[in-house]
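Letters go in sequence order (proteins before strands), and every chain restarts at 1. If you're wondering where the values come from, they're calculated on a predicted model, not measured in any experiment.
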Amino acid sequence: MSTASRVDAVDCVPSQRSHEDTDRAHSTGLVVTGLRHAYRELTVLDLDAFTIAPADRHAIIGPNGAGKSTLLNLLAGTVRPTTGRITYNGQVITRRRAGWRARAGIGRTFQHPTVYPGLTVLDCVRMGGYHHRRNPEHTPEQWLDLVGLAGYAQQLAGELAHGHRRMLDLAVALAGQPRVLLLDEPAAGLTDTETTRLLDILTGLPGWMAMVLVEHDMAVVTALADWITVLHHGRRVTDGPADLVRADPTVRALYLGAPETAHAAHR
Amino acid sequence: MNANVQTTAGRALPLTRAGLPWAAPGLAALALGAVTVSPDAYLHASVARMLPLALLAVSVAIVTGHAGLPTLGQVAPYAAGAYTTARLAFAGVTLAPAHLLAAALAGAVTAGLLGAVLVRHRGTVVLMLSLAVAELTAITAGQWRAVSGGTDGLAGIPATYLLPGMPPLVADRPVLLYTATITIAATTAAMLLLRRWRMLLTATRDNEGRARASGHPVNAYLLAVHTGAGAVAGVAGALLIHTHRWITPADVGFSTAALALLAVVIGGTRSLPGAAIGALIVLGVRDVVAAPWPGHAPLLLGSAFVVAVYLLPGGLAAIPQRVSAAVGRVRQSARHTPRPAERTPT
Amino acid sequence: MLRIGELTVGYEPDAPVLHTVSMALPPNGVHAIVGPNGAGKTTLLHTIAGHLRPTTGYVMLDGHDITGIRTVRAARAGIALAPQGRRLWSSLTVRDHLTMTRPGAATAQEQGCGWGVDDLLEVFPALAARLHHRADQLSGGEQQMLTLARALRLAPRLLLCDEPTEGLAPTVADRIRAVLTDLPRHGVTVLVTLPQTRAATGLAHTVHVLTAGRLSDPVDPTTEHTEDLIRRHLGLTTDTEPPPRTERTTVRACHRPPTHGWHPPSQTPTPIVTRKGDQS
Amino acid sequence: TSSAPRADTIRIGLLVSLTGTYTTVGQDMQRGFRLYLDTHDKKLGGRTVDLVVADEGDGPATAVPAAQKLLERDRVVAVTGLVGGATVDKVQTLTTQRRIPLLGANARPAFGPVAGKPRDLAYTWHTSYNSDEPGIAIAEHVKAQVGDGAVYAIGPNYQGGWDELRGFTDTFTKLGGRLANPDGKTLFTPFPATENFLPYLNKAAESEPKAVYTFYAGGASVAFVKQYRQSDLRSVPLYAAGFLTEGPVLSAQGAAATGIRNVLNYSPTLANAANQDFVAAWSAAGHPGQPTTYAMASYDAAAVLDRALSAVDGQVTGEKLNAAIGQVGRVVSPRGDWQFHPREHRPVQRWYLREVKPDGPVLSNMVVQDLTTLPAN
Amino acid sequence: MDAYLMQTVDGIAYGLLLAIAAAGLTLAFGAGGVLNLAHGTLIAAGGYVAAATSTGTWGSLTVAVLAATAAGAAGGGLLAVATAPLTGRGHLDQALLTFGVALIGADLLTTVYGPDTLRPRLPAALETTITVGGHRYPTDRLAVLAAAVLVAVGGYVLLHRTRAGRLIRATVDDRQMVAGIGINPRAVDAAVLIASGALAGLAGALSTPILGVGPGTADTTLLLSLIIVVCGGLGSVPGAVAAALAVGLVQTLAVVTTPALAPYLLVGAMAVMLLARRAPQPGGVRG
Ligand SMILES: Nc1ncnc2c1ncn2[C@@H]1O[C@H](COP(=O)(O)OP(=O)(O)OP(=O)(O)O)[C@@H](O)[C@H]1O
Ligand SMILES: Nc1ncnc2c1ncn2[C@@H]1O[C@H](COP(=O)(O)OP(=O)(O)OP(=O)(O)O)[C@@H](O)[C@H]1O
Ligand SMILES: [Mg+2]
Ligand SMILES: [Mg+2]
């Protein structure tokens, strides 16, 4: 675990967020304090403070294995933190299970979506909204229509192509009518057209909904996020408004690489 | 994408799809009716004797197939129902409705308590924990002599009465009628309830993480199903007493549990009527078919298991689907000319 | 190298996913398939790798008919698949994955070179730090790297990569693209599916477009209007057109904060469970 | 087989374990019954016998369906055999209901009340014994041997074990004997799960008993005897109900069994003429080893039926046959002559003290002395 | 205290005896994912073969061990053929099939060898006892103890240290990708069942001199083996040995210290062992 390129030495950099944002998060959003998660002796996440206020469009980027998915899992309640505290709407929810948090409005998608292979696509979406008051404006069929899967409504979810599963996962998450939406690489494996559609869907969501976006596709991040946190080895390297972070030389060296190589012409 | 074409084609015929779950209980009821009408008392007694295990298998199918927890532990609520019934009968309460109610309650409570532990686990661990439950049930029944009469069990349990003033249920034909009615009613009720829960349970089995992330209290679902299945097992226990009027600890032990689970596999894990019919097949092979070859019942039973595995992939429940698929294939090959065998390697 | 003719493949009898697909790949190149989600890219690669049997058509590798051969034989013939969705052995460690997979004897000799475990770890330093972790303990990107590393370790003659850069950080994705571009020089033919047109044109010698189970003629990405051409291929045959801009307003409209059930959080903390029937 | 038997043919049901734990016993009982038939022209009471064999399996779960088939399908006039006590307990209600005599040849349980009324035993007979009788029969001898010393009692934890051990300990303590078991209670080992007896035996050795009394049968007895000789108890005299060393288990135990003193109602070495014929017929039939008490009791059941059937005139019915069984009087038997106890419907018979000794190349349970006659009238 | 030492030694020896019995199942079910309910029957078959072959000389003992192992391997081969069409159909179907095979096998064994309990004859040197710390202890158990250590070490090396062991586990995880690296998963399945059958046969030859072999042997050993394999954490040799030792100690130390609880101890201990393992955090952690 020691190569020159590692920034292990970097301690968790304090968050740059303004006090107003943080205060808002304390009363009506998600607040994480002193969160640490370790598998045996390996610490994969260590965040001093991290806040999501309503209406936040918060992107988390970082190299593979930085702990991004782990952070989402911790927020969603899929895994328990080793130490630390999570509050939501001012209430401590660290010990609450995933199901409770989902009913309370924390929805999520998965990095490797499988949804429910044995249910039809439509039933999958129904299951997503099962715990919520039926809302004539948001029928399962409408959610399917929104993500472009209306034609597959009666197909088994297990028979969907990979990209379609990802969109279905999103529809299921949206059907849960979340107030905080945790998205784990929603654009991975999507084609250009589907990515455009995804962006349309996400930007079209109600403004008050908070969104935590983990994504490697910087185009998507730029289009959506107004705040970016960069993680590395489970710690915050930097955070700030999107354009500032993108310009940050550490982030470039660590994560983005030279902008030209990304889609450089062959030969 | 022509998704619509793709989804409707090649699936089971719509008729079998909708009617399938109900065809089996209907047929079973018909068959039982025929047996009841027949004059053969031996047949009546034999079938009546098998029905409690059939209902136990239904309860196992609920837990194994629908909740996705392979279990040998349903003999515990079965035992609770049976011994409650037996003790009530000895205490002078001989009304069948009271027995059924008390047994269902005892079964549900037992299964609820056990379920609180079991539903936290999955797969093989559940299987082994429930095996422990089965063993402990039989051991406890053997040791608790005041209730169970020791390892030799209880005999001469007073007969039950359907209603006050009616003759006791002892003759073979009425017992069969009564047992069959209760078995079919309980199975149907369970099927109706499970239909409402189908989506939730499929989701839970398929992808628990996703289900939790959509707010589903997965363990609570499983506990509810486990408890409900316990009530069914309790009723099965009451029927055991009503048909046999005796019980030994071995009847609520591992071997009974194993037979019930195998019956469920033969029936096709998720099909409740399939499980019941599977149980009738298993006991029929062991007690009736094998009778002319004393000492070789295990051989025949084993062969039946082997044959079932090879000839019935997916169990009895999959037969209609496989038939309709075969019909589809025949139709298909009639329409299309077979694809050219030769490939042109240029 | 690889010739495919008139291939029809489906999961259910009368609903083919690929319709009479034909293509010929010259050896030693990087060939890309692009197409919308659900077009059948994965299906095509799985058919070549022997995971699926075609209903009609043939697949030929170096003049040998390999139609419908089993996966084992395909692997021994030098075809390696880096599948979509990782398909790792979850109870084995990273090291196990790499040491267990061995270069197919025939191909290794022909090639005179293979990927050693150390070479692979150099390409994927993230894996080096996780050598003794089980595959199901890896992050998504690390799993993707391992999938590729395992396929490379087999020293194949034909490498099938199903969306190899999915979920990888930009720097790692770059490195993988570099590796793939370099492979033809060692006598490896690469067939890669990519969802994004730009990624494909930046990488491949030829690009095929697959839409709704039908494959276009190869497009040469070095010519000027490549991307337009591909667009046209996609646009002409897809019924899942990029949504017209007007649709965006309908999306918006459908997301007015609802009046009940899904209401915007107020400033005062509310009871948070929004279960059915909680508020009446 | 459901056609009505011819007038001079009668059908008899033999229900024995042919699968499961007690297969050895069941097989011996079948051999014993058939031996009688074969040596008597396949006739009982002058009538040709159609013997219908059914499998009792491991207990009532399989035995009751089999019994039901014998009664309802085959319409037998008597049911005999029955290895397990629990089976007898359950099948007895069926046979009684249909007025068919049940002539058990092995276990005889305590027959609890039916629906609050004492069990009707009019149609129930046994050619064997009550499970507590071996212990009762040997207690006095053991007391005399150990004097003031204490005896350690150990047995399997199920009804059969409880009965066998209770017979010994109750009588023994009534005679003033003392149990070496720490709390004065018999040690019961899990049944049939126990295969490692060494820990129990070594533990028992700590209480330094003068002798050990036990009852095991079948596979467990092999393990028990072998491990007894490997334990710290190895030189403490071992007394047992005779089933411990009865039949084929003895050859599996081998030398470890030598010197075990045990009690039973039969030994193949008994010197009476009936036994000599019986043993000779047994060997002539090609059966391995020596006959056992199980085979003998079943042989006697055939003998009882033979005598009873010769007393029945015309069509044989369950009632007539049952009445005739009550009148058979003295039965000449390889175990020595015996007769039914008028109320209890089981033999009043002599019990023997036996010791395992080499008998030529093989081990055998040689009679050492007569003990007592039970049940005392 | 001294007495407990003796019981502990016996617990360890008995536990290792059980570990041998469970070895084949550890390989087949734990590592290879085949729920083989015919395992007990294979052990019984090995026991019968050994009992029929051994006459009390060292030479015949060697022959008996080899013959039993071969018989077990043959049985395993048969099972491999029988289960081959079931790949991908889940544990319950395997359970149904192998249970059927077990019933048939048990019937055949009693038909051939009779229902009596048999015991292989051992050379005199193994039938005696030796003195350990003032107590006498049977030699045959010490011999089994030594054999168990060999089997355990061999099994550990095979399963946890060789490519073959990894292949077995990989085949359970994703057979198609095993085929994708050029190895036939069916061959792996067959090899696993044959090796596991051979181990079962060997276990039969080693355990029957002590416990005897009869109609009940198959069920008892199957149950104990299942307990050990599952409690040991499916496919882990050190885990299985630890579980076997735990069961051995429970069956020796605990049963004599608390005889009143003896009937409950074995399954009770199993339940505790299973419950003590942290309930798995069910799927979905991997996003
Ligand atoms: N197991 C299956 N059973 C039935 N239909 C399937 C199955 N797998 C895939 N399909 C269907 O086949 C079609 C092609 O799927 P495929 O996975 O090949 O698409 P793809 O081009 O790889 O898409 P993506 O870019 O999303 O990975 C889809 O419509 C899908 O629904
Ligand atoms: N169950 C586990 N046991 C041990 N280590 C784990 C486990 N789960 C995750 N990790 C490690 O934690 C680190 C962070 O994982 P995480 O999935 O959060 O990464 P990520 O930032 O989402 O990466 P990616 O972009 O590749 O998805 C990884 O290095 C991974 O190996
Ligand atoms: Mg991730
Ligand atoms: Mg794909």
(message) For a quick check under 3.5 Å, do C:D174 and C:T171 share a side-chain donor-acceptor pair by atom type?
(response) no
(request) Can you tell which part of C:R70 gets under 4.5 Å to a heavy atom of chain E, answering side chain, backbone, both or neither? (result) side chain
(message) Heavy-atom count check: over 12 atoms from other residues, nucleotides or ligands less than 6.0 Å from C:R53 CZ?
(response) no
(message) Tell me the closest heavy-atom pair linking E:G182 and C:A75, and the distance in Å.
(response) N-CB, 3.3 Å
(request) Identify which part of C:L81 has an atom lying under 4.5 Å from any heavy atom of chain E, answering side chain, backbone, both or neither. (result) backbone
(message) Angle between ring planes, C:W89 versus C:H97, binned at 30° and 60°: parallel, tilted or perpendicular?
(response) parallel
(request) Return the option, out of C:D96, C:T101, C:I79, C:T99, with the maximum number of heavy-atom pairs under 4.5 Å with chain E. (result) C:D96
(request) Assess the side chains of C:T56 and C:T8: does a donor N or O sit below 3.5 Å from an acceptor N or O? (result) yes
(message) At a 4.5 Å cut-off on heavy atoms, which part of E:V178 comes close to chain C: side chain, backbone, both, or neither?
(response) both
(request) Determine the option with the most heavy-atom pairs under 4.5 angstrom with chain C, choosing from E:I183, E:D173, E:L167. (result) E:D173
